[in-house]
Amino acid sequence: MLKACIIGASGYTGAELARLLTLHPNFELAGLFVSQNSQDANKPLSQLHPTLSGLVDAKVSAINDDLLIELAQSMDAIFLATPHEASHDWMPKLVNGNAKVFDLSGAFRIKDTGVFADYYGFEHQHNSLLEEAIYGLAEWNAAQIQQANLVAVPGCYPTASLSALKPLIDNNLINPQHRPIINAVSGVSGAGRKAALTNSYCEVSLQAYGVLGHRHQPEISQSLGSEVIFTPHLGNFKRGILATITVKVADGTSQSQIDDAYQQAYKDKPIVRLLNHFPKLDDVVNTAHCDLHWKYDANSGYLVIGSAIDNLLKGAASQAIQCANLAFGYASHTSLIYEAGKCR
Ligand SMILES: NC(=O)C1=CN([C@@H]2O[C@H](COP(=O)(O)OP(=O)(O)OC[C@H]3O[C@@H](n4cnc5c(N)ncnc54)[C@H](OP(=O)(O)O)[C@@H]3O)[C@@H](O)[C@H]2O)C=CC1
Ligand SMILES: CC(=O)N[C@@H](CCC(=O)OP(=O)(O)O)C(=O)O
């Protein structure tokens, strides 16, 4: 069994990782950590997340610098489900050991350091680690992830958006004169577990935010190789992201070229499901799937794609497990999807 630990285990994505690693046939969950001064240190994870009762009753421990170095030597896999700044600050201690590191934060996703000052509010100090980090979009970067020691797991909105747009861009089907327009709605768990006025129950009402300035816009553009217009919205539900994306396709594109692009991209990739209707959040929440559907108007040249994921799973924890599966030589979907009542 491969030894894995989670830093930031008490958060929403950390708890999902704990569940997925406990149920995984190839990993042993060997450590759960929170920050040095965490109020939750020494509490059982199942006390913080009672849904894990009987499954993950181990206590979370406070992390410190010596422990980081020790974990880098003793673990096979380290999952960071921590704020961007914490991942940024700790990474040099974590990458120089035996463990492969899977970072769910945004700290190592972008190659251009200027983006961190503009969108993340801190100056990036680790250029060489940014170079080394592999972007963990599992269906699209498998060969690189298999060789990686440091995987930057994509953000939730970028996962929903890129899963819809990559088949088109890879087949030169997007009209370069027109930016794809991404409108996406997220549940409140996308903001993490910490209390804040903007995500408290009585305050949340469907609303756009981060308009023309959200940090996921440069992340999507980097991976797509094309600028986009990205507008996120916060909805008054717990989990899930529904993205509706409008694309002006290249002149002369046929319906069958579009259909083929999606079918070729996702054949043998069972996490992504191509539907015959526009996706619904309820069908992906609590699953590792990304559901896609599209409709094309050949007269106008406009294509609309619907993409749905669970932000905490395909948008974070289960995609991190897909990356770990690949990095340790297993099929990407190992332990993540169900077939005839069995976990594949
Ligand atoms: N929620 C989502 O849908 C997605 C989140 N992400 C990213 O994943 C990461 C985790 O997100 P999420 O689970 O939602 O966050 P939460 O706020 O729910 O959890 C954060 C975790 O990190 C710990 N933590 C907080 N501050 C620090 C610190 N300074 N040093 C070390 N540990 C700290 C927290 O515990 P404590 O404070 O007690 O130490 C907690 O365990 C973030 O980087 C987020 O941007 C990525 C994709 C989707
Ligand atoms: C609803 C909500 O607040 N969502 C988060 C995105 C969560 C995510 O993907 O996290 P990263 O920060 O790791 O990119 C936001 O808009 O900031």
Side-chain angles (χ1 to χ4, degrees), residues 5-17 31-41 60-72 75 78-97 99-136 149-159 186 188-199 209-210 213-220 222 232 311-312 315-317 319-320 323:
C5 72
I6 305 164
I7 307 177
S10 64
Y12 285 150
T13 63
E16 290 296 342
L17 280 168
L32 298 167
F33 300 94
V34 287
S35 60
Q36 193 144 19
N37 301 313
S38 173
Q39 294 183 339
D40 291 326
V60 298
S61 309
I63 197 81
N64 60 52
D65 283 0
D66 291 341
L67 255 175
L68 289 173
I69 293 165
E70 196 182 309
L71 292 172
M75 293 289 149
I78 298 173
F79 293 85
L80 280 171
T82 38
H84 316 297
E85 293 87 342
S87 293
H88 169 272
D89 294 350
W90 293 342
M91 199 57 81
K93 293 196 173 62
L94 292 171
V95 285
N96 289 322
K100 290 176 183 274
V101 181
F102 303 89
D103 181 19
L104 277 67
S105 89
F108 293 90
R109 295 179 195 148
I110 306 281
K111 300 295 177 197
D112 175 0
T113 47
V115 167
F116 289 95
D118 293 346
Y119 288 86
Y120 283 76
F122 67 88
E123 298 280 345
H124 210 289
Q125 307 293 329
H126 310 306
N127 251 315
S128 62
L129 293 179
L130 278 184
E131 285 304 313
E132 182 186 337
I134 298 299
Y135 192 62
N149 285 317
L150 165 54
V151 176
V153 181
C156 47
Y157 289 117
T159 296
S186 172
V188 185
S189 60
R193 188 162 180 251
K194 215 162 280 161
L197 189 59
T198 47
N199 56 23
Y209 68 102
H214 193 279
R215 67 185 181 287
H216 286 171
Q217 182 266 315
E219 185 182 330
I220 297 167
Q222 173 183 274
N311 54 296
L312 298 178
Q319 180 145 250
C323 294

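Classified by interplanar angle (parallel below 30°, tilted 30° to 60°, perpendicular above 60°), the ring pair His126/His124 is perpendicular.
Among residues two or more places apart in sequence or in another chain, the salt bridge (charged side-chain N to carboxylate O under 4.0 Å, His left out) test is passed with Glu16 by Arg19, Arg239. Applying the side chain to side chain donor-acceptor pair (under 3.5 Å) rule to Thr13 yields no partners; only residues at least two apart in sequence or on another chain are considered. With sequence neighbours excluded, the residues satisfying salt bridge (charged side-chain N to carboxylate O under 4.0 Å, His left out) with Lys93 are Asp65.
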For this session: Given side chain to side chain donor-acceptor pair (under 3.5 Å), test Ser87 with Asp103 step by step and report yes or no.
Result: CA-CA 7 Å; Ser87 293; Asp103 181 19; 2.8 Å; yes
For this session: Any chance you could lay out the side-chain contact (heavy atoms from CB on, under 4.5 Å) test for Tyr119 and Gln217, step after step, and finish with the verdict?
Result: CA-CA 10 Å; Tyr119 288 86; Gln217 182 266 315; 3.3 Å; yes
Problem set entry | Stepwise side-chain contact (heavy atoms from CB on, under 4.5 Å) test for Leu68 and Ile78 | CA-CA 10 Å; Leu68 289 173; Ile78 298 173; over 6 Å; no
Exercise. Do Cys156 and His216 pass the side-chain contact (heavy atoms from CB on, under 4.5 Å) test, and can you show the C-alpha distance, the side-chain angles, and the key distance before you say yes or no?
Worked result: CA-CA 9 Å; Cys156 47; His216 286 171; 4.2 Å; yes
Exercise. Between Asn311 and Ser189, does a side-chain contact (heavy atoms from CB on, under 4.5 Å) hold up when you go through it step by step?
Worked result: CA-CA 8 Å; Asn311 54 296; Ser189 60; 3.0 Å; yes
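Scanning all heavy atoms of the two residues, the minimum distance from Ala62 to Leu67 falls at O-CD1, 3.5 Å. When all heavy atoms of Leu150 and Leu129 are compared, the closest pair comes out as CD2-O, 3.8 Å. Heavy atoms only, all atoms of each residue included: Phe108 and Leu130 are closest at CA-CD2, 3.7 Å. Closest approach of Val151 and Cys323 over heavy atoms only: CG1-SG, 3.8 Å. The shortest heavy-atom contact between Arg109 and Glu219 is NH1-OE1, 3.0 Å. Ile220 and Pro158 make their closest contact through CG1-CA, 3.8 Å (heavy atoms, listed as atom of the first residue, atom of the second, distance).
For an aromatic pair to be called close, the ring centres must be under 6.0 Å apart, and His214 with Tyr157 satisfies this.
Taking SG of Cys5 as the reference point, atom CG of Leu80 lies at 8.0 Å (rounded to 0.5 Å). Ile6 contributes atom CD1, which lies 12.0 Å from atom CG of Leu71 (distance to the nearest 0.5 angstrom). Atom CD of residue Gln222 and atom CD1 of residue Ile110 lie 5.0 Å apart, to the nearest 0.5 angstrom. The OH atom of Tyr12 sits 12.0 Å away from atom NZ of Lys194, with the distance rounded to the nearest 0.5 Å. Within the model, atoms NE2 of His88 and CZ of Phe116 stand 8.0 Å from one another, a figure rounded to the nearest 0.5 Å. The structure places CD1 of Ile7 at 12.0 Å from CG of Leu104, a figure rounded to the nearest 0.5 Å.
Side-chain atoms of Asn127 and Thr113 include no donor-acceptor pair closer than 3.5 Å.
Of the possible polar contacts, one joining the His84 side chain to the Gly106 backbone as a donor-acceptor pair under 3.5 Å is found.
Side-chain contact between Ile63 and Trp90: present, with at least one pair of heavy atoms (C-beta onward) separated by less than 4.5 Å.
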